[in-house]
Amino acid sequence: MQDLKNVTKYSFVEQDRPVLQAELKGNADYPDVKGLIHVYFLPNGIYLQGDIEGLPKTSEFAFHVHEGEECAGHGEKILILPDAMSDADGKASMQVYLDRVNSTQIAGRPLVLHLRVGSETPEVACALLNRIL
């Protein structure tokens, strides 16, 4: 896990550090993909911030939180996040505010990144949204 003393503190976030963290790792088809996603509590929702690298260059990606408690064999989507775009270096960043969602609804769930290729969306990477103690 990452050393949390270097995690950015946003002025609109009430606590000093994130409550959930996910370390994205690419699957066998995308072994170079890695990233770190943090989830912060907000008064009426959550703020999700992430940085990912090793992605296919200049591509579009779908992000979803799925049912289940593991990446292998995860269930249906329970939360659809906004799409992300990678740059010419294969890097992507995202910052998303979600109202009417709280961290207990997504804690321990798989966060899955899918590549958008026409009507196909192959899975690229996955991580569990783990509580930070």
Side-chain angles (χ1 to χ4, degrees):
M1 289 286 176
Q2 176 188 11
D3 180 3
L4 293 176
K5 69 181 177 193
N6 295 323
V7 172
T8 303
K9 169 71 166 95
Y10 297 93
S11 61
F12 56 85
V13 176
E14 293 180 341
Q15 73 281 352
D16 289 332
R17 58 186 218 160
V19 293
L20 301 176
Q21 177 174 286
E23 288 187 62
L24 277 173
K25 294 181 182 171
N27 60 25
D29 294 330
Y30 300 93
D32 296 331
V33 175
K34 62 182 176 179
L36 200 55
I37 310 296
H38 290 107
V39 178
Y40 296 83
F41 276 133
L42 294 177
N44 296 309
I46 61 172
Y47 176 75
L48 186 141
Q49 181 276 328
D51 294 296
I52 308 159
E53 59 186 43
L55 296 164
K57 298 174 182 179
T58 318
S59 298
E60 184 177 2
F61 298 88
F63 254 116
H64 308 115
V65 177
H66 286 256
E67 293 176 333
E69 297 176 356
E70 58 186 19
C71 284
H74 55 71
E76 296 294 317
K77 296 175 219 169
I78 60 171
L79 181 61
I80 298 172
L81 301 169
D83 287 356
M85 293 290 297
S86 62
D87 63 15
D89 294 324
K91 295 180 181 179
S93 293
M94 63 184 308
Q95 297 83 34
V96 179
Y97 167 73
L98 300 166
D99 61 352
R100 297 183 298 258
V101 175
N102 64 55
S103 67
T104 59
Q105 294 170 300
I106 62 172
R109 305 284 187 189
L111 176 66
V112 182
L113 179 67
H114 300 270
L115 176 63
R116 290 197 182 274
V117 183
S119 62
E120 301 293 317
T121 56
E123 190 173 311
V124 172
C126 184
L128 295 180
L129 286 159
N130 292 314
R131 289 193 183 278
I132 300 172
L133 301 176

On a heavy-atom basis, which atom in I80 and which in K77 lie closest, and how many Å separate them? CG1-CD, 4.2 Å
F63 side chain near I52 side chain, heavy-atom distance below 4.5 Å: yes
Crowding at CD, E69 (>12 non-hydrogen neighbours, <6.0 Å): no
About how many Å separate CG of L129 and CG of L20, when rounded to the nearest 0.5 Å? 6.0 Å
Q21 and H38: side chain donor to acceptor below 3.5 Å: yes
Going from CG on N44 to CG on L98, what distance comes out if it is rounded to the nearest 0.5 angstrom? 12.5 Å
Parallel, tilted or perpendicular: rings of H74 and H66 (30°, 60°): tilted
Linking I/L/V/M/F/W/Y whenever their side-chain heavy atoms sit closer than 4.5 Å, directly or via other members, would L113 and L79 fall into one cluster? yes
Smallest separation among heavy atoms of R17 and Y40, with atom names: C-CE2, 3.8 Å
Do the side chains of R109 and L128 get nearer than 4.5 Å, heavy atoms only? no
Distance col, row L42:CG vs L48:CG, nearest 0.5 angstrom, shows 10.5 Å
Any donor-acceptor N/O pair, S86 side chain to P56 backbone, under 3.5 Å: yes
Taking everything shown except D99 itself, do over 12 heavy atoms lie less than 6.0 Å from its CG? yes
State, with a plain yes or no, whether a side-chain heavy atom of L36 is found less than 4.5 Å away from one of E53. no
Smallest heavy-atom separation, R116 atom then D83 atom, equals NE-OD2, 2.8 Å
Test R131 against V39 for side-chain contact (heavy atoms from CB on, under 4.5 Å), laying out the working first. CA-CA 9 Å; R131 289 193 183 278; V39 178; over 6 Å; no
Atom pair NE2/CD of H114 and E60 - distance to nearest 0.5 Å: 13.0 Å
Just do the side-chain contact (heavy atoms from CB on, under 4.5 Å) check on Y30 and L115 with the steps written out, would you? CA-CA 10 Å; Y30 300 93; L115 176 63; 3.5 Å; yes
One pair to check against side-chain contact (heavy atoms from CB on, under 4.5 Å): F61 and L81. What are the steps and the verdict? CA-CA 10 Å; F61 298 88; L81 301 169; over 6 Å; no
Donor-acceptor under 3.5 Å (N27 side chain, D29 main chain): yes
Quick one: pull up CD in E123 and NE2 in H64 and give me the separation to the nearest 0.5 Å. 11.0 Å
Is there a chain of hydrophobic side chains (I, L, V, M, F, W, Y, each step under 4.5 Å between heavy atoms) that links V117 to L55? yes
Could you pull out the closest heavy-atom pair between K57 and A88, with the gap in Å? CD-O, 3.1 Å
If you compare all heavy atoms of S103 against all heavy atoms of I46, which two are closest, and at what distance to 0.1 Å? N-CG2, 3.8 Å
Considering non-hydrogen atoms only, spot the tightest contact between P82 and V96 and give its length. CD-CG1, 3.8 Å
